[in-house]
Amino acid sequence: MNGLIQIKKHPFPSLLYLEWTLLAITALTAFIPPPLRRFRPKPPELSICGAFPDLSVCSILPELSIYSLIIFAAMGLRLPRNNQTNKVIYTVIEILLILIVGLFGERFARLFPFLYIILVTRSCLIFQLNGRLFVTTLSFALFLVTTQLKYQLFNFQASPQAQERYRFLILNSSLVFGLSLVFVLLMMNAVLSERQSREKLAIANEKLRQYAMQIENQATLEERNRIAREIHDSLGHSLTALNLQLETALKLWQSNPGKAETFLATAKELGSKALKDVRQSVSTMRSNPLQEQSLERAIASLSENFHRSNGILPIYQINLQYPLPPEINTAIYRITQESLTNISKYAYATEVKLELNTTRGNLRLIIQDNGRGFDLGQNTTGFGLHSMRDRTLALGGEFNINSAPGSGCKITVNIPLTRLT
């Protein structure tokens, strides 16, 4: 059970299985004699104990080689992660185990190059690039040193012709082994780079998702606050006045029915206005305020509603060369709606102009009235202006407002389209 947990903690479990499979197959071939071996002369033993069998230590070294191989395979279960000292000690122990197997385990001579390849593979998982290069270079150097040592042992037992053939074999095997180490190093670097890129992308996507949720929640909160203020300022005022008119009418109903009727008529007007405010608030809360209609048609509807409410028909000019993204359509609609609402409530204007056009990758909206205006130093923190500015900045645009007491108001919105379309 603990072994399964360690395998799951390995950064690449499939790579661990591949190491064990490679070691098992190569170790198995060490105990299987090659075909027709009985018809061939026995090759010289290229190990210290093979060359010097009388050494007292040689009686225990073969078993030590087997244990070293088992320990080396088991070390792949748990790789050091954080402490640099532990990483160095871990690598040194691996190198010592490889040397024991290579120098004293005459049966496992075929395993020798593969152990270094596994060493380089593991170093790529625990070290940065400099450490990986150092371990790869050290592995190749140790391979050359060990091979040269075996060649010296071979000189004691072989003829000059065999020594020449073996020297040529060493050169070929060294070249192939060096290229194999470089290939493994490059392959592991590519795999690790891709994995790091995927992890960074996953982290970035998660942060982006959280940021999008925060923006959405903030936008929802701002919309609720705006609607709450609209209800408080318009519907609440209308209902309060309506209640006063009804109370006065009830008091005068017996003594002065004619005057009471006047108060009832006023109450009816206030009720109609309250109903209109409710409908406007409901329209504001819709997820798609344009309701599948074009931006031109939606602005035309806002102008018609403004005309019915105030008796002023806005002069609007719209020139859009191509369809806009939905987020821009919604923002322009909301900014226009908020502007006309502010003009209706506070401006006391007699003329309203609206221009919307696209030029050279830029969208420009201008809304201007000839109302009483206001002081920019005192009245730029209102909820409506703040909402319009936020919508513009969210699209990477610029929001400007020019006004002065008695000089009307001009709102200019510029939104770049090159990065959004």
Side-chain angles (χ1 to χ4, degrees), residues 15 18-19 22-23 26-27 30 44-52 55 57 61 64-65 67-76 79-80 83-158 163-192:
L15 184 60
L18 181 62
E19 290 180 6
L22 181 64
L23 291 174
T26 313
E45 300 293 350
L46 299 184
S47 67
I48 292 179
C49 290
F52 306 101
L55 292 176
V57 74
L61 286 179
L64 182 61
S65 300
Y67 294 145
S68 299
L69 183 63
I70 296 174
I71 294 173
F72 181 84
M75 288 180 68
L79 302 177
N83 194 309
Q84 189 70 19
T85 303
N86 292 339
K87 295 179 181 180
V88 174
I89 295 175
Y90 180 90
T91 305
V92 170
I93 293 176
E94 284 186 311
I95 293 175
L96 292 177
L97 294 175
I98 292 175
L99 292 177
I100 292 174
V101 174
L103 293 176
F104 303 108
E106 55 189 67
R107 286 183 174 271
F108 303 112
R110 301 175 193 176
L111 269 177
F112 188 60
F114 295 106
L115 296 181
Y116 278 120
I117 291 178
I118 294 176
L119 173 65
V120 172
T121 302
R122 292 178 181 177
S123 69
C124 291
L125 298 177
I126 62 178
F127 290 112
Q128 298 298 324
L129 181 59
N130 292 335
R132 300 169 191 172
L133 293 175
F134 177 78
V135 173
T136 303
T137 305
L138 180 62
S139 299
F140 185 67
L142 291 176
F143 176 82
L144 293 179
V145 171
T146 309
T147 304
Q148 184 64 26
L149 178 61
K150 288 188 175 184
Y151 173 71
Q152 297 299 328
L153 297 177
F154 185 77
N155 287 339
F156 289 107
Q157 310 174 54
Q163 293 179 15
E164 186 66 26
R165 288 195 299 269
Y166 187 65
R167 184 185 300 110
F168 179 76
L169 180 63
I170 288 177
L171 292 176
N172 287 341
S173 61
S174 299
L175 179 61
V176 173
F177 179 72
L179 294 176
S180 300
L181 289 182
V182 173
F183 173 77
V184 170
L185 179 64
L186 295 177
M187 182 187 67
M188 289 301 299
N189 285 337
V191 171
L192 292 174

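Both backbone and side-chain heavy atoms feed into the values below; hydrogens, waters and symmetry mates do not.
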Heavy-atom distance under 4.5 Å between the side chains of Phe177 and Leu144, does that happen here?
-> no
Measure the spacing between CD of Gln128 and NZ of Lys87 and express it to the nearest 0.5 Å.
-> 6.5 Å
Interatomic distance, Leu79 atom CG to Phe127 atom CZ [nearest 0.5 angstrom] | 10.5 Å
Pairwise side-chain contact, Leu138 with Thr91, heavy-atom cut-off 4.5 Å (strictly under) | no
Please report the closest heavy-atom contact between Phe72 and Leu119, naming both atoms and the distance.
-> CZ-N, 4.4 Å
Roughly how far, to the nearest 0.5 Å, is the CZ atom of Phe114 from the CD1 atom of Ile117?
-> 6.0 Å
CD1 (Ile95) and CG (Leu142) are apart, to the nearest 0.5 Å, by 6.0 Å
Passing candidate, side chain to side chain contact (heavy atoms under 4.5 Å, CB included) with Tyr116, options Ile98, Thr121, Val184, Val135 | Ile98
Pairs in or reaching into residues 171-187: which pass side chain to side chain donor-acceptor pair (under 3.5 Å), with residues at least two apart or in two chains?
-> none
Can you list the residues that meet the side chain to side chain contact (heavy atoms under 4.5 Å, CB included) rule with Leu96, with sequence neighbours excluded?
-> Val92
Pairing residues for Thr136 by the side chain to side chain contact (heavy atoms under 4.5 Å, CB included) criterion, not counting sequence neighbours = Val120, Leu181, Leu185
Do any pairs count as a salt bridge (Lys or Arg N to Asp or Glu O under 4.0 Å) and have a residue in residues 89-102, sequence neighbours left out, and if so which ones?
-> Glu94-Arg122
Side chain to side chain donor-acceptor pair (under 3.5 Å) involving Asn189 - partner list, sequence neighbours excluded | Arg132
Could you list all the salt bridge (Lys or Arg N to Asp or Glu O under 4.0 Å) pairs where at least one residue sits in residues 174-189, not counting sequence neighbours?
-> none
Can you measure from OG (Ser139) to CD1 (Ile118) and round to the nearest 0.5 angstrom?
-> 11.5 Å
Atom CD1 of Ile93 and atom OG of Ser68: how far apart are they, to the nearest 0.5 Å?
-> 11.5 Å
